Amino acid sequence: MTQRITIRRPDDWHLHLRDGAMLKTVLPETARHFVRAIIMPNLVPPVVTAADASAYRDRIMTALPEGMDFTPLMTLYLTEQTDPDDVAAAYADGLIHAVKLYPAGATTNSQSGVKTLRNVYPVLERMAEIGLPLCIHGEVTTHDVDIFDREQVFLDTVLAPLRRDLPGLKVTLEHVTTSHGIDYVREAEGDIAGTITTHHLMINRNHMLVGGIRPHYYCLPIVKRAEHQKALRAAATSGHPRFFLGTDSAPHLDGAKETACGCAGCFTAPNTMSCLAHVFEEEGALDKLEGFASLHGPARYGLPPNEATMTLEKREEPCTYPETYETPEGSLTLFDPNVPLHWHVLT
Ligand code: DOR
Ligand code: ZN
């Protein structure tokens with residue numbers, strides 16, 4: 001018997017679209033399934049001012065193929081020079097929907113990020129006043145902290161004190177990867193939510209490291225032990241409104257991944273919805289997929305859920321995808337779910 005589910009069309013609350021040739025290749029892969037997405041600002045140079053965000057939004061709309069409907073929700077990259085007035089004006093204009101905090105050195109193109117959090121308090125105070133969400137890459141960058149512990153240490157030493165100082169600030173802890181992060185988001189007081197990526201639901205560090213090192217599974221925050229993957233799956237499928245989808249689909253050319261010092265990021269936009277249906281079915285929670293992918297995010301960002309629907313059908317034959325996508329600058333490898341995917345997106 002074929003099984004079908006119909007949900008409101010999803011949005012992606014954390015997405016890297018890049019720029020130029022890469023943007024042209026990856027944008028249709030998101031727009032095919034997602035109506036809206038929060039667009040990460042870590043370009044080179046980063047999207048730091050309202051003018052930068054407006055110009056980037058124009059480039060995205062120009063790259064969108066005719067007939068496709070997609071709304072980019074822009075963000076600003078927080079730096080120690082960010083002007084609170086510029087941020088507030090961009091929010092009042094409806095141009096931006098969040099500001100992104102990268103601790104300097106935490107990940108790809110984060111070198112212009114924040115070194116001393118105190119220096120951005122005037123911006124954060126203004127954001128708390130006007131209700132503008134702060135999206136946080138939640139990892140410390142100190143060299144003596146093990147890469148697998150960086151999220152947990154961040155919660156205790158950075159996030160908790162920050163939220164004590166600014167209890168009115170709306171915070172999204174992005175790409176939660178540990179049970180500690182899940183517990184924090186579920187239990188903390190005040191205005192907090194957490195996004196969870198496709199790949200952190202599908203794989204753990206064994207998939208990345210056992211039997212050979214798989215550069216296409218390398219991302220940041222790095223995938224953790226299986227017990228953390230289990231906690232992420234439990235949270236995503238729990239129906240709790242504080243947890244929702246942010247794919248963190250982060251394409252890099254194969255040449256930049258398959259090298260002695262490879263870039264972090266998994267390109268998951270094309271097969272995310274099939275992966276999610278797979279995970280939610282395995283967890284016996286297909287009825288919670290719509291909340292995670294299509295309802296909790298809009299509620300959090302004060303936007304209406306999408307009216308249009310998406311139908312997924314489970315078939316005997318697995319989905320087929322190209323292994324790689326071509327850009328004029330080189331190829332780009334799709335996230336390998338490591339299992340056959342049987343949930344096909346019909347519409
Ligand atoms: O894996 C990642 N890739 N994590 C990030 O935080 C950034 C992203 C990127 O831009 O490539
Ligand atoms: Zn990201």
Side-chain angles (χ1 to χ4, degrees), residues 12-16 40 42 100-111 113-114 135-159 172-185 194-236 243 245-254 256-269 271-272 275 279 332-339:
D12 184 350
W13 300 94
H14 180 139
L15 175 67
H16 298 269
M40 286 298 121
N42 62 334
K100 174 74 186 245
L101 166 63
Y102 287 106
T107 187
T108 313
N109 303 331
S110 63
Q111 55 278 12
V114 175
C135 292
I136 299 185
H137 183 111
E139 289 191 288
V140 293
T141 55
T142 15
H143 290 289
D144 57 349
V145 178
D146 189 274
I147 187 169
F148 289 98
D149 299 333
R150 288 180 171 200
E151 181 173 291
Q152 185 183 4
V153 173
F154 184 89
L155 300 172
D156 298 337
T157 63
V158 183
L159 188 57
T172 306
L173 182 63
E174 300 204 277
H175 40 53
V176 181
T177 62
T178 60
S179 61
H180 315 102
I182 293 295
D183 291 346
Y184 183 85
V185 170
T195 60
I196 301 177
T197 78
T198 314
H199 45 291
H200 288 98
L201 292 172
M202 296 293 292
I203 59 170
N204 59 59
R205 67 192 198 180
N206 272 13
H207 296 100
M208 181 177 60
L209 294 172
V210 172
I213 185 161
R214 292 178 185 75
H216 294 287
Y217 287 161
Y218 175 64
C219 63
L220 289 170
I222 199 157
V223 282
K224 309 292 193 302
R225 290 174 176 276
E227 69 201 49
H228 295 290
Q229 181 192 12
K230 226 169 127 190
L232 298 176
R233 281 181 165 230
F243 297 105
L245 175 65
T247 65
D248 199 8
S249 181
H252 290 277
L253 294 177
D254 288 336
K257 296 280 301 172
E258 300 167 7
T259 178
C261 184
C263 294
C266 299
F267 176 49
T268 55
N271 56 4
T272 275
C275 286
V279 167
L332 141 76
T333 294
L334 176 64
F335 174 71
D336 175 1
N338 201 42
V339 287

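What you see is a predicted model, and the numbers here were worked out from it, not measured in a lab.
- A donor-acceptor contact shorter than 3.5 Å links the side chain of K257 to the backbone of Y218.
- Side-chain atoms of F243 and I182, non-hydrogen and from C-beta on, do get closer than 4.5 Å to each other.
- Counting heavy atoms from C-beta outward, F148 and I222 have side chains that approach closer than 4.5 Å.
- Taking every heavy atom of both residues into account, H207 and N338 meet most closely at CD2-ND2, 3.0 Å.
- With hydrogens and angles disregarded, a donor-acceptor distance shorter than 3.5 Å links the side chain of N109 to the backbone of N42.
- Atom CG of residue L232 and atom CG of residue N204 lie 10.5 Å apart, to the nearest 0.5 angstrom.
- Of the possible polar contacts, one joining the D12 side chain to the T247 backbone as a donor-acceptor pair under 3.5 Å is found.
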Quick one: do E151 and T178 satisfy side chain to side chain donor-acceptor pair (under 3.5 Å)? Show the steps, please. CA-CA 7 Å; E151 181 173 291; T178 60; 2.5 Å; yes
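- D254 places a side-chain N or O within 3.5 Å of a backbone atom of T333 that can act as its donor or acceptor partner.
- Note that SG of C219 is 3.5 Å distant from NE2 of H200, once rounded to the nearest 0.5 Å.
- Across all non-hydrogen atoms, the minimal contact from L220 to E139 is CB-OE1, 4.2 Å.
- In this structure, OG1 on T141 lies 6.5 Å from CZ on R150, to the nearest 0.5 angstrom.
- The closest donor-acceptor contact from the side chain of T195 to the backbone of G246 lies at 3.5 Å or more, if one exists at all.
- Defined by atom type and a distance below 3.5 Å, a donor-acceptor pair is present between the side-chain atoms of T198 and T272.
- Between atom CD of residue E258 and atom NE2 of residue H252 there is a gap of 13.0 Å, rounded to the nearest 0.5 Å.
- Two residues are said to be in side-chain contact when any heavy atoms from C-beta on lie closer than 4.5 Å; I203 and F335 meet this criterion.
- Listed here is the closest heavy atom pair of I196 and A235: CD1-CB, 4.2 Å.
- Remark: the backbone N or O of A269 is paired with a side-chain donor or acceptor of S249 at under 3.5 angstrom.
- Interatomic distance, L332 CG to H216 NE2, rounded to the nearest 0.5 Å: 9.0 Å.
- Annotation: side chain of D248 is in contact with side chain of H16 (closest heavy-atom distance under 4.5 Å).
- Contact check for M40 versus E174: side-chain heavy atoms found under the 4.5 Å cut-off.
- The two residues V223 and R205 make their nearest non-hydrogen contact at O-CB, 3.5 Å.
- The nearest pair of heavy atoms linking G138 to L173 is CA-CD1, 4.0 Å.
- Looking only at side-chain heavy atoms (C-beta outward), F154 and H137 stay at 4.5 Å or farther from each other.
- P337 places a side-chain heavy atom less than 4.5 Å from the side chain of N271.
- L159 has its side chain within reach of Y184: a pair of non-hydrogen atoms, C-beta onward, lies under 4.5 Å apart.
- Side chain of H228 to backbone of R225: no donor-acceptor contact under 3.5 angstrom is found.
- The aromatic rings of H14 and H175 sit tilted relative to each other, their planes meeting at an angle between 30° and 60°.
- For T142, the side-chain contact (heavy atoms from CB on, under 4.5 Å) partners at least two apart in sequence or on another chain are V140, D144, V145.
- The SG atom of C266 sits 13.0 Å away from atom CZ of R214, with the distance rounded to the nearest 0.5 Å.
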